[in-house]
Amino acid sequence: MPRETPTPTPLPPPPQRGEVPEVVEMEAVGEGEDGQAEAEDQEERWARLLPELMSEVVRRVEASGGERWPARKDVVSCACVCRRWRDAAVAVVRPPAESGKITFPSSLKQPGPREFPMQCFIKRNKKNSTFYLYLGLTSATVDKGKFLMAARRFRRGPHTEYIVSLDADDLSQGSNAYMGKLRSDFWGTNFKIYDSKPPYDGAKASSSRSSRRFGSRRISPQVSAGNYEVGQVSYKYNLLKSRGPRRMFCALECPSTQETWENCLKTKFRKPTGNTVLRNKAPRWHEHLQCWCLNFHGRVTVASVKNFQLVAAADPNDPASSKDEETVLLQFGKVDDNIFTMDYRQPLSAFQAFAISLSSFGTKLACE
């Protein structure tokens, strides 16, 4: 006897160390041939619903308390039913640039909103050199948060690498949860950001030694075949040593906000968009406090050389670009011994903002 048609069920609670963002795919029901036949029968029942009805169900789920996590997992559960439900959910749920919400794992590589920043925070574990990125759930500086990504620092000869993954317990390039990596030079002043997926159709993977080693061990066809360079971060020499602030410059291949949300789930859809150049906002010297200061609007509470704000670099050929120099696109700063806030907005994605912030943790022999 076939079972009754189930309703979409919430995903299990997150693990203590962090959680893996929900993957939009149909979960198998049962075991063996009977279980497989039952799962296919249930999927067929759900798929037979009219597309208009599917979309209306997703809209109502999102409207009934699904605006914020953890309640937003119900929207993801709808997308987990089958492929047609996933398509309906993607058509209803708007991208982060429009909605200001992170829903699916693909949202982490989409631009943030323009009018307000996405407020996140990073927890550092010094014992295992691991960093966890969370989405803030309230207006408080730090709360329980929604786990987004994790990164671990590895020493590769003269270089340092930060491997970024959706799975806090599987931080390797051979994982299906692998997102990309950050790689530094010997001095710790120049970094390259690599994406696990091509940033646009026709992009060429890096030919570095670590990429070749990874490719030779590749077993699963679902694992990315290489790393694609999507940005660089550099720290300029600090002639005043510890008495002066760091100077940062970033050149990034930012995702286009003009591409449709539906296309963002495809592997090859984007066109080259050119580099976005950012620089750190220069702090001001405070005579009374005798230190360099920036206005973080209450989001940073502990003085640290790691604190920074990034703004768009002015284009000499475009006088209007100087107006955007006051808009902070990414700010990062310390609030506790191992907790840091990270707020980003368009044109940056969560992945790019996380990679840039990770570069601030490394020791910079030429800057300090």
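Computed from heavy atoms alone, side chains included, the values below leave out hydrogens, waters and symmetry copies.
Remark: Lys109 is positioned above the aromatic ring of Phe351, its terminal NZ or CZ atom under 6.0 angstrom from the ring centre and at most 45 degrees off the axis. Both tests hold for Arg156 against Phe154: distance to the six-membered ring centre under 6.0 Å, angle to the ring axis within 45°.
Looking at Ser129, its side chain never comes within 3.5 Å of a backbone N or O of Arg153 through a donor-acceptor pair. Thr130 places a side-chain N or O within 3.5 Å of a backbone atom of Asn128 that can act as its donor or acceptor partner. Although no hydrogens or angles enter the test, the distance criterion places a donor-acceptor pair under 3.5 Å between the side chain of Asp195 and the main chain of Lys197. In this structure, Arg183 contributes its side chain and Asp185 its backbone to no donor-acceptor pair below 3.5 Å. Within the 3.5 Å criterion, the main-chain N or O of Leu137 finds no donor-acceptor partner in the side chain of Gln119. Remark: the backbone N or O of Leu171 is not paired with any side-chain donor or acceptor of Ser175 at under 3.5 angstrom. Here the side chain of Ser234 pairs no donor or acceptor atom with the backbone of Asn190 at under 3.5 angstrom. Put simply, the side chain of Gln352 gets close to the backbone of Ser349: a donor and an acceptor are under 3.5 Å apart. Distance alone, capped at 3.5 Å, is enough to place a donor-acceptor pair between the Ser196 side chain and the Met179 backbone.
Linking Ile, Leu, Val, Met, Phe, Trp and Tyr residues whenever their side-chain heavy atoms come within less than 4.5 Å places Val335 and Phe121 in a single cluster. Val58 and Leu53 fall within the same hydrophobic cluster, defined by Ile, Leu, Val, Met, Phe, Trp and Tyr side-chain heavy atoms under 4.5 Å apart, directly or through other members. Tracing side-chain contacts under 4.5 Å through hydrophobic residues (I, L, V, M, F, W, Y), one reaches Phe361 starting from Met149; they form part of the same cluster. In terms of hydrophobic clustering, with Ile, Leu, Val, Met, Phe, Trp and Tyr side chains grouped at heavy-atom distances under 4.5 Å, Val57 and Val90 are assigned to a common cluster.
Residues Asn338 and Asn125 have side chains not in contact (no heavy-atom distance under 4.5 Å, counting atoms from C-beta outward). Side-chain contact between Thr189 and Phe191 is absent, with no heavy atoms from C-beta onward closer than 4.5 Å. Two residues are said to be in side-chain contact when any heavy atoms from C-beta on lie closer than 4.5 Å; Phe354 and Leu108 fail this criterion. No side-chain heavy atom of Leu310 sits under 4.5 Å from any side-chain heavy atom of Gln331. A heavy-atom distance below 4.5 Å is not found between the side chains of Ile163 and Ser172. Pro283 has its side chain out of reach of Cys293: every pair of non-hydrogen atoms, C-beta onward, lies at least 4.5 Å apart. Side-chain atoms of Tyr344 and Pro117, non-hydrogen and from C-beta on, never get closer than 4.5 Å to each other. Proximity of Thr341 to Cys120: side-chain heavy atoms (C-beta onward) are nowhere separated by under 4.5 Å.
Sorted by first and then second residue, the salt bridge (charged side-chain N to carboxylate O under 4.0 Å, His left out) pairs with a member in residues 342-352 read Arg299-Asp343; sequence neighbours excluded.
Closest heavy-atom contact between Ala312 and Leu329: N-CD1, 4.0 Å. Closest non-hydrogen pair, Pro96 versus Pro111, comes out as CB-O, 3.6 Å. Nearest heavy atom pair, residue Gln346 against residue Gly112, reads CB-O, 3.1 Å. Taking both residues in full, the closest heavy atoms of Leu182 and Ala355 are given as CD2-O, 3.3 Å, listed atom of the first, atom of the second, then distance. The shortest heavy-atom contact between Val233 and Met248 is CG1-CE, 4.1 Å. For Ala89 against Ala79, the heavy-atom pair with the smallest separation is CB-CB, 3.7 Å.
Rounded to the nearest 0.5 angstrom, Leu135 CG and Lys144 NZ are separated by 13.5 Å. We find the OG-NZ distance between Ser107 and Lys101 to be 11.0 Å, quoted to the nearest 0.5 Å. Atom CE of Met342 and atom CG of Leu358 lie 9.0 Å apart (nearest 0.5 Å). The structure places CZ of Arg94 at 11.0 Å from OG1 of Thr103, a figure rounded to the nearest 0.5 Å. With values rounded to the nearest 0.5 angstrom, Lys306 atom NZ is found 12.5 Å from Ser357 atom OG. Taking SG of Cys250 as the reference point, atom CZ of Arg279 lies at 12.0 Å (rounded to 0.5 Å).
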Under the criterion side chain to side chain contact (heavy atoms under 4.5 Å, CB included), I'd like the reasoning laid out for Lys126 against Arg124: C-alpha separation, chi angles, the key distance, then a yes or no. CA-CA 6 Å; Lys126 289 184 177 180; Arg124 174 179 61 180; 3.2 Å; yes

Go through Ile356 and Leu330 one step at a time and tell me if the side chain to side chain contact (heavy atoms under 4.5 Å, CB included) criterion holds. CA-CA 9 Å; Ile356 295 172; Leu330 170 62; 3.8 Å; yes

Take His297 and Asn295 through the side chain to side chain contact (heavy atoms under 4.5 Å, CB included) test and state the conclusion after the steps. CA-CA 6 Å; His297 302 282; Asn295 185 5; 3.3 Å; yes

For Ile102 and Met118: C-alpha separation, side-chain torsions, deciding distance, then whether side chain to side chain contact (heavy atoms under 4.5 Å, CB included) applies. CA-CA 9 Å; Ile102 292 178; Met118 297 287 290; 3.6 Å; yes

Could you walk me through whether Tyr178 and Asn227 pass side chain to side chain donor-acceptor pair (under 3.5 Å), step by step? CA-CA 10 Å; Tyr178 174 64; Asn227 294 293; 2.4 Å; yes

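Counting heavy-atom neighbours within 6.0 Å of Lys192 NZ, excluding the residue itself, gives a total of 12 or less. Remark: Arg284 CZ is loosely packed, at most 12 non-hydrogen atoms of other residues, nucleotides or ligands lying under 6.0 Å away.
Remark: Ser55 engages Arg59, Ala88, Val92 in a side-chain contact (heavy atoms from CB on, under 4.5 Å) (not counting sequence neighbours). Taking the side-chain contact (heavy atoms from CB on, under 4.5 Å) definition, one finds that Lys334 meets it with Val302, Ser304, Asn307, Asp337, Phe340, sequence neighbours left out. With sequence neighbours left out, Thr138 forms a side-chain contact (heavy atoms from CB on, under 4.5 Å) with Ala140, Asp143. Listed by chain and residue number, nothing satisfies the side-chain hydrogen bond (donor to acceptor under 3.5 Å, both in side chains) test with Asp336 (two or more places apart in sequence, or in another chain).
The hydrophobic cluster containing Phe296, built from Ile/Leu/Val/Met/Phe/Trp/Tyr side-chain heavy atoms closer than 4.5 Å, also comprises Leu294, Val300.
Ring centers of Tyr194 and Tyr228: at least 6.0 Å apart, outside the cut-off.
Under the 3.5 Å distance criterion, with hydrogens and angles disregarded, no donor-acceptor pair is assigned to the side chains of Ser359 and Tyr162.
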